[in-house]
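Before any comments, here is the structure.
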There are 2 protein chains.
Amino acid sequence: MFKALGNPHRLLIFQRLSRCCQPGTRCDLEAAIRFSVGELGEGMEIAASTLSHHLKALHHAGLIEMERQGKQINCWIDPAVLEKLSGFFDPQTEFENIGGCDVR
Amino acid sequence: MFKALGNPHRLLIFQRLSRCCQPGTRCDLEAAIRFSVGELGEGMEIAASTLSHHLKALHHAGLIEMERQGKQINCWIDPAVLEKLSGFFDPQTEFENIGGCDVR
DNA sequence: TCGATAATTCGACATATTTCGAAATGTAGA
DNA sequence: TCTACATTTCGAAATATGTCGAATTATCGA
């Protein structure tokens, strides 16, 4: 997961998807902010194929979810992933691997 | 920082240093667990030069502190780094760059 | 069915990363 | 001062990553 976040383009994509709810609100899967692949690439000077490659890496790492919605593919972050990641840096929390996460 | 944590050896080193205090205890700089370079490499089948290289990368990323203590060099994590990193994954927290952190 | 739009797969290439061993540096103790 | 120990610096080599353009797949609407 950290390897996936270690690339500037992928980190930016992840950050765009991270702002999943308004301040004072609690995040849930339904409220999770969603962007299509094309929208995520806006402002990033990167070829479509490269963008696709990065999204695949993020998904493969278990960081983002993807689902086709008509012509486009929507991406979002499961709030549980954010909680797990946050907990990783808390010495009091015991870290466990997350579902779709690709561990070698 | 995530790029630095993205390597399995470096992540292991970071995790060893992360358990900075006992459950129920609050972490502080004094209580931070410290390991020498040699101790950190124990059990990792890696050349000393490679270990040194990884430690340098972690330090350069602002993840660990290093200080010579006689013949050896001690390493530890500033608890503030753990809090910052934890906060990065909290949508309610505004993330700011940390002191020694190397941003490009 | 055909064309347009959205995204992915593939192959190629330049650049980065990981790793090692040999040599160098810094420190403590005999 | 000389030696042993701990660690770093310096190339060099193998492997991995990031990037692109061209071709392909999937879906919608005329």
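Just so it is clear, the values below take in all heavy atoms, side chains as well, and ignore hydrogens, waters and symmetry mates. A, B, ... follow the sequence lines: proteins, then strands. Residue 1 opens every chain.
- Between the CD1 atom of A:I13 and the P atom of D:dG18 there is a distance of 11 Å, rounded to whole Å.
- For DNA chain D, the residues of residues 43-50 of chain B within the heavy-atom distance limit of 4.0 Å (strictly under) are B:A48, B:S49, sorted by number.
- The side chain of B:H54 places an N or O atom within less than 4.0 Å of a non-bridging phosphate oxygen (OP1 or OP2) of C:dT19.
- A straight line from NE2 of A:H60 to C1' of C:dT8 spans 15 Å, rounded to a whole angstrom.
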Next on the checklist: Generate the contact string for nucleotides 23-30 of chain D. Rules: B means base contact, S means sugar-phosphate contact only, - means no protein heavy atom under 4.0 Å.
Outcome noted: ---SBS--
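- To the nearest angstrom, P of D:dG18 lies 12 Å from CG of A:L5.
- When the C1' atom of C:dG26 is taken as reference, atom CD1 of B:I73 falls 9 Å away, rounded to whole Å.
- With sequence neighbours left out, B:F2 forms a ring pair (Phe, Tyr, Trp, His ring centres under 6.0 Å) with A:F2, B:F88, B:F89.
- Listed nucleotides D:dG18, C:dA7, D:dT7 differ in distance to A:H53; the shortest reach to its side chain belongs to D:dG18.
- If you take CG of B:N74 and C1' of C:dT27, they are 14 Å apart, rounded to a whole angstrom.
- Rounded to a whole Å, the CG atom of A:L51 is 12 Å from the C1' atom of D:dT19.
- Between the CG atom of A:L11 and the P atom of D:dG18 there is a distance of 13 Å, given to the nearest Å.
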Next on the checklist: Could you go through A:F14 and A:N7, starting from their C-alpha distance and side-chain angles, then the distance that decides it, and tell me whether this counts as side-chain contact (heavy atoms from CB on, under 4.5 Å)?
Outcome noted: CA-CA 10 Å; A:F14 186 81; A:N7 173 276; over 6 Å; no
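- Atoms CG and CG, from B:L12 and B:L17 in turn, are 10.0 Å apart once rounded to the nearest 0.5 Å.
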Side-chain donor/acceptor pairs under 3.5 Å, residues 63-72 of chain B, sequence neighbours excluded:
from	atom 1	to	atom 2	distance (Å)
B:R68	NH1	B:G70	O	3.2
B:R68	NH1	B:K71	O	3.3

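- Atoms CD1 and OG, on B:I13 and B:S18 in that order, are 11.5 Å from each other to the nearest 0.5 Å.
- Of the side-chain N and O atoms in A:K56, one or more sit less than 4.0 angstrom from OP1 or OP2 of C:dT9.
- With C:dT18, D:dA6, C:dA7 as the candidates, the nucleotide lying closest to the side chain of B:Q72 is D:dA6.
- D:dG18 atom P lies 14 Å from atom CG of A:L55, rounded to whole Å.
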Can I get a per-line list of side-chain donor-acceptor pairs under 3.5 Å for residues 36-58 of chain A, giving both atom names and the distance, sequence neighbours left out?
from	atom 1	to	atom 2	distance (Å)
A:S36	OG	A:E39	N	3.2
A:S36	OG	A:E39	OE1	3.4
A:E39	OE1	A:S36	N	2.8
A:H54	ND1	A:R10	NH1	3.1

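- Taking CZ of A:R16 as the reference point, atom CD1 of A:I33 lies at 10.5 Å (rounded to 0.5 Å).
- Put simply, A:K3 has a side-chain N or O that comes within less than 4.0 Å of OP1 or OP2 on D:dT17.
- Remark: B:H9 is in phosphate contact with C:dT19, judged by side-chain N or O atoms under 4.0 Å from OP1 or OP2.
- For the OP1/OP2 pair of D:dT17 and a distance below 4.0 Å, the side-chain nitrogens and oxygens of A:N7 include no atom meeting the criterion.
- Rounding to the nearest 0.5 angstrom, the gap separating the CD1 atom in A:I73 from the CZ atom in A:R34 is 13.5 Å.
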